[in-house]
*Asks:* 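Quick one: this structure, given as structure tokens, is what I'll be asking you about.
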Number of protein chains: 2
Amino acid sequence: MNIGDVSSRSGLPAKTIRYYEDIGLIKPLRSANGYRSFVAADLHRLAFLGRARALGFTIEDCRTLMALYRDESRASADVKLLAQEHLGKIETKIRDLQMMHDTLSELVTSCAGDDRPDCPILSDLSGLGSTIS
Amino acid sequence: MNIGDVSSRSGLPAKTIRYYEDIGLIKPLRSANGYRSFVAADLHRLAFLGRARALGFTIEDCRTLMALYRDESRASADVKLLAQEHLGKIETKIRDLQMMHDTLSELVTSCAGDDRPDCPILSDLSGLGSTIS
DNA sequence: CTTGACCCTCCCCTGACTGGAACCTTCATA
DNA sequence: TATGAAGGTTCCAGTCAGGGGAGGGTCAAG
């Protein structure tokens with residue numbers, strides 16, 4: 001398989017696949033013409049990476065997860081811990097975004113949105129804090 | 001005021017303040033010794049920037065918001081539109097994170113987390129998809 | 001006069017790619 | 001056989017919003 005094939009099969013851009021080779025996540029063979037030559041195992045690893053990335057794991061997390069996956073004598077506790085830590089970060093991000101959302105949403109609601117200049121969004125940002133609570 | 005003063009008053013790191021000058025968001029004067037010399041208006045702008053960034057606006061959004069703030073003949077509709085677009089992006093991010101969270105949370109729950117190697121998290125990532133629904 | 005706390009500029013680093021230039025290989029068609 | 005398109009290759013630079021640190025100048029106090 002050439003890179004185009006694995007790209008369409010894995011859903012990952014060719015650029016990304018080359019990048020993953022660069023940073024040592026995959027090690028495809030090379031054909032005589034210099035093209036990367038992927039086997040089923042490479043495709044499998046790429047699919048693994050794609051799913052892990054889609055769950056928001058960092059590249060370093062992915063590296064660890066793949067090492068654990070290949071380690072037959074792993075303890076599932078190690079995997080779970082990694083996932084739990086990641087889950088915690090996601091929860092933190094969601095909370096942060098939710099707070100931004102709530103504040104901003106309130107400001108947007110209170111803004112007339114017409115052709116006059118008066119705007120509670122700008123008032124808030126400027127520190128006048130016209131909290132119309 | 002020197003940069004240390006505005007840093008502690010605005011809560012922004014000195015590095016960030018220098019960066020904001022670099023990209024033209026503020027234009028503090030200079031003292032004879034080459035030090036940046038901030039006046040109250042600079043501090044006000046920095047506080048504005050700090051609040052806008054805390055609400056997740058991009059630097060370019062901040063630039064636009066400050067321009068609107070200084071424009072006495074603005075229409076609040078322009079501010080509102082910008083804020084609404086940003087709000088939409090925040091909502092998208094929250095939804096994405098929430099989906100990651102839900103999936104990951106389910107996987108974490110279903111993982112024993114002991115010293116045995118069997119792990120539904122890895123199974124899922126590997127594509128075996130042992131969805132224990 | 002020295003010490004320590006400031007301040008300056010300049011450059012590289014981050015994460016996870018993405019875009020583009022310049023070039024090579026393969027295959028189908030005229 | 002030429003040629004053009006569609007693949008592939010490497011390498012360099014850019015993204016976003018700063019952070020870290022080197023190497024050096026300035027200032028106030030003791």
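So that the names make sense, note that chain A is the first sequence line, chain B the second, and so on, each numbered from 1.
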*Asks:* Report yes if at least one side-chain N or O of B:R18 is closer than 4.0 Å to OP1 or OP2 of C:dC8; otherwise report no.
*Replies:*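 For C:dC8, OP1 or OP2 has a side-chain N or O of B:R18 closer than 4.0 Å.
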*Asks:* Can you tell me how far NE2 of A:H44 sits from CG of A:L49, rounded to the nearest 0.5 angstrom?
*Replies:*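 Output value for this atom pair is 10.5 Å.
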*Asks:* In whole angstrom, give the distance that lies between atom CG of A:L46 and atom C1' of C:dA16.
*Replies:*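 Taking CG of A:L46 and C1' of C:dA16, I get 15 Å after rounding.
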*Asks:* CZ of B:F38 versus P of C:dC7: gap in Å, rounded?
*Replies:*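 My rounded result for the distance is 9 Å.
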*Asks:* Rounded to whole angstrom units, what separation is found between the CD atom of B:E21 and the P atom of D:dG18?
*Replies:*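 Result: 15 Å.
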*Asks:* Can you check whether A:R30 has a side-chain N or O nearer than 4.0 Å to OP1 or OP2 of D:dT10?
*Replies:*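 So the side chain of A:R30 is within the cut-off, an N or O lying under 4.0 Å from OP1 or OP2 of D:dT10.
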*Asks:* Between B:E60 and B:R63, is there a side-chain N and carboxylate O pair less than 4.0 Å apart?
*Replies:*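 Counted as a salt bridge, because a side-chain N and a carboxylate O are separated by less than 4.0 Å.
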*Asks:* 5'-most contact on DNA chain C: B:G4 or A:Y19, nearest heavy atom basis?
*Replies:*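 The answer here is B:G4.
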*Asks:* Near B:R30 CZ, under 6.0 Å, is it more than 12 heavy atoms from other residues, nucleotides or ligands?
*Replies:*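 Yes - once you tally the heavy atoms of other residues, nucleotides and ligands closer than 6.0 Å, there are more than 12.
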*Asks:* Please pick, from C:dG19, D:dG8, D:dT26, the nucleotide with the shortest atom-to-atom distance to any side-chain atom of A:K15.
*Replies:*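 Taking heavy atoms from C-beta onward, the closest nucleotide is C:dG19.
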*Asks:* Report yes if a side-chain nitrogen or oxygen of A:R36 is closer than 4.0 Å to either non-bridging phosphate oxygen (OP1 or OP2) of D:dT10; otherwise report no.
*Replies:*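 For A:R36, the contact criterion (side-chain N or O under 4.0 Å from OP1 or OP2 of D:dT10) is met.
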*Asks:* Tell me yes or no: between the side chains of A:S76 and B:D118, is some donor less than 3.5 Å from an acceptor?
*Replies:*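 No, no side-chain donor-acceptor pair sits under 3.5 Å.
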*Asks:* Is A:T16 near enough to C:dT18 that one of its side-chain N or O atoms lies under 4.0 angstrom from OP1 or OP2?
*Replies:*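 For A:T16, the contact criterion (side-chain N or O under 4.0 Å from OP1 or OP2 of C:dT18) is met.
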*Asks:* Judged by each residue's nearest nucleotide on DNA chain D, which is more toward the 5′ side, B:N33 or B:I59?
*Replies:*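 In this pair, the answer is B:I59.
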*Asks:* So, is A:Y20 close to the C:dC17 phosphate, meaning a side-chain N or O under 4.0 Å from OP1 or OP2?
*Replies:*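 Checking C:dC17 against A:Y20, a side-chain N or O does come within under 4.0 Å of OP1 or OP2.
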